[in-house]
Amino acid sequence: MKIILASPRGFCAGVVMAIEALDRALDLCGEPLYVYHEIVHNRPVVESFRRRGVVFVDDLRDVPEGSHLLYSAHGVAPAIRQHSKERGLHAIDATCPLVVKVHLEAVRFAREGYQIFLIGHEGHDEVIGTMGQAPGCIHLVQNEADVERLSLPADAKVAYLTQTTLSVDDATVIINSLKRRYPQITGPSRSDICYATQNRQEAVKELSPEVDLVLVLGSRNSSNSLRLAEIAEICGKPAHLIDGAEEMDDLWFAGIETVLVTAGASASDLVVQECVRHLEARFGATVETRTIRNENVSFPLPKELREMASDASNLHDTNQR
Ligand code: SF4
């Protein structure tokens with residue numbers, strides 16, 4: 001068996017920053033430390049932090065007043081920030097800057113009087129946070145049928161935005177459908193679908209034709225990971241979306257000569273390497289890494305943490321004197 005290891009794969013810059021932020025916040029603030037929603041949509045990552053005393057909540061009423069609360073990479077609506085302030089919580093904002101970009105676009109379009117169509121998946125944390133930036137002005141559009149049902153007049157002042165983790169091809173179909181109904185529609189100056197989503201999808205598209213089966217490491221609630229498995233299937237290859245090697249079934253590999261292994265933007269390379277080791281041990285697999293694009297993106301830690309770290313270091317210096 002041959003394994004083709006897709007590159008880039010796994011953690012994106014936003015996820016690296018959010019995980020480092022939580023790690024650093026645990027050091028600086030101690031436990032219990034609260035996180036609004038899952039820090040990233042990945043079960044092994046969330047469970048490892050839970051074991052270290054992090055409490056993930058979906059409702060701010062579950063956070064005791066005065067506690068430290070970290071916002072996940074997916075971002076939150078302004079109403080959540082306000083509620084958190086009213087409860088006297090110390091917020092640390094680990095929203096990915098590329099999600100913040102979409103939030104700012106929503107605020108700008110709303111201020112300029114646009115009705116906004118947000119292309120995304122209902123109920124996703126990022127979509128809830130983005131819709132909350134301009135309540136009353138944003139309409140969720142999930143597919144072409146939703147576009148058909150839109151009731152705004154043909155000459156309405158309209159704009160579109162997208163969730164950052166969509167399938168580029170699916171989003172293009174919906175955007176084209178919006179453009180047919182509203183030729184005057186405007187959009188973001190640069191695609192909202194982030195570099196990490198695009199690169200991981202491109203790698204699957206480019207490499208799938210060479211393999212018999214695709215393994216995607218990632219959780220089922222990860223939009224990014226789900227899209228990779230869907231793209232492999234669209235390319236005509238069977239695909240399995242798994243959290244780790246323990247979910248692999250040897251029967252999947254009967255008669256399989258070449259396997260593409262990749263990972264969604266929230267899945268750690270540790271689980272990828274576990275799967276590779278499993279295939280090496282069970283099937284004598286050899287590994288070839290194929291890089292379709294180099295990534296060189298990083299984001300700074302949230303400013304609240306940088307300030308806390310600086311205060312702690314000043315205190316330490318004073319005590320030393
Ligand atoms: Fe940011 Fe893209 Fe990663 Fe989401 S997938 S956290 S938008 S870099």
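One-based numbering along the sequence shown. Just follow the structure's listing: the first ligand is 1, and inside any ligand the first atom is 1. Quick caveat, the model's predicted, so the values are computed rather than measured.
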Original post:
Roughly how far, to the nearest 0.5 Å, is the CG atom of Leu70 from the CG atom of Asp93?
Top reply: 8.0 Å
**OP:** Look at atom 1 (Fe) of ligand 1 and find which of Pro97, Cys96, Gly75, Ala13 reaches it with the closest heavy atom.
**Re:** Cys96
Original post:
What protein heavy atom sits nearest atom 2 (Fe) of ligand 1, and how far off is it?
Top reply: Cys194 SG, 2.3 Å
**OP:** Measure the NE2-CG distance between His83 and Asp59 for me, rounded to the nearest 0.5 Å.
**Re:** 7.5 Å
Original post:
Is the ring centre of Tyr182 less than 6.0 Å from the ring centre of Tyr160?
Top reply: no
**OP:** Around atom 8 (S) of ligand 1, find the nearest protein heavy atom and jot down its residue, atom name and distance.
**Re:** Cys12 SG, 3.6 Å
Original post:
For atom 7 (S) of ligand 1, which protein heavy atom lies nearest, and how many Å away is it?
Top reply: Thr164 OG1, 3.4 Å
Original post:
Do the charged groups of Glu295 and Arg200 touch, with an N to O distance under 4.0 Å?
Top reply: yes
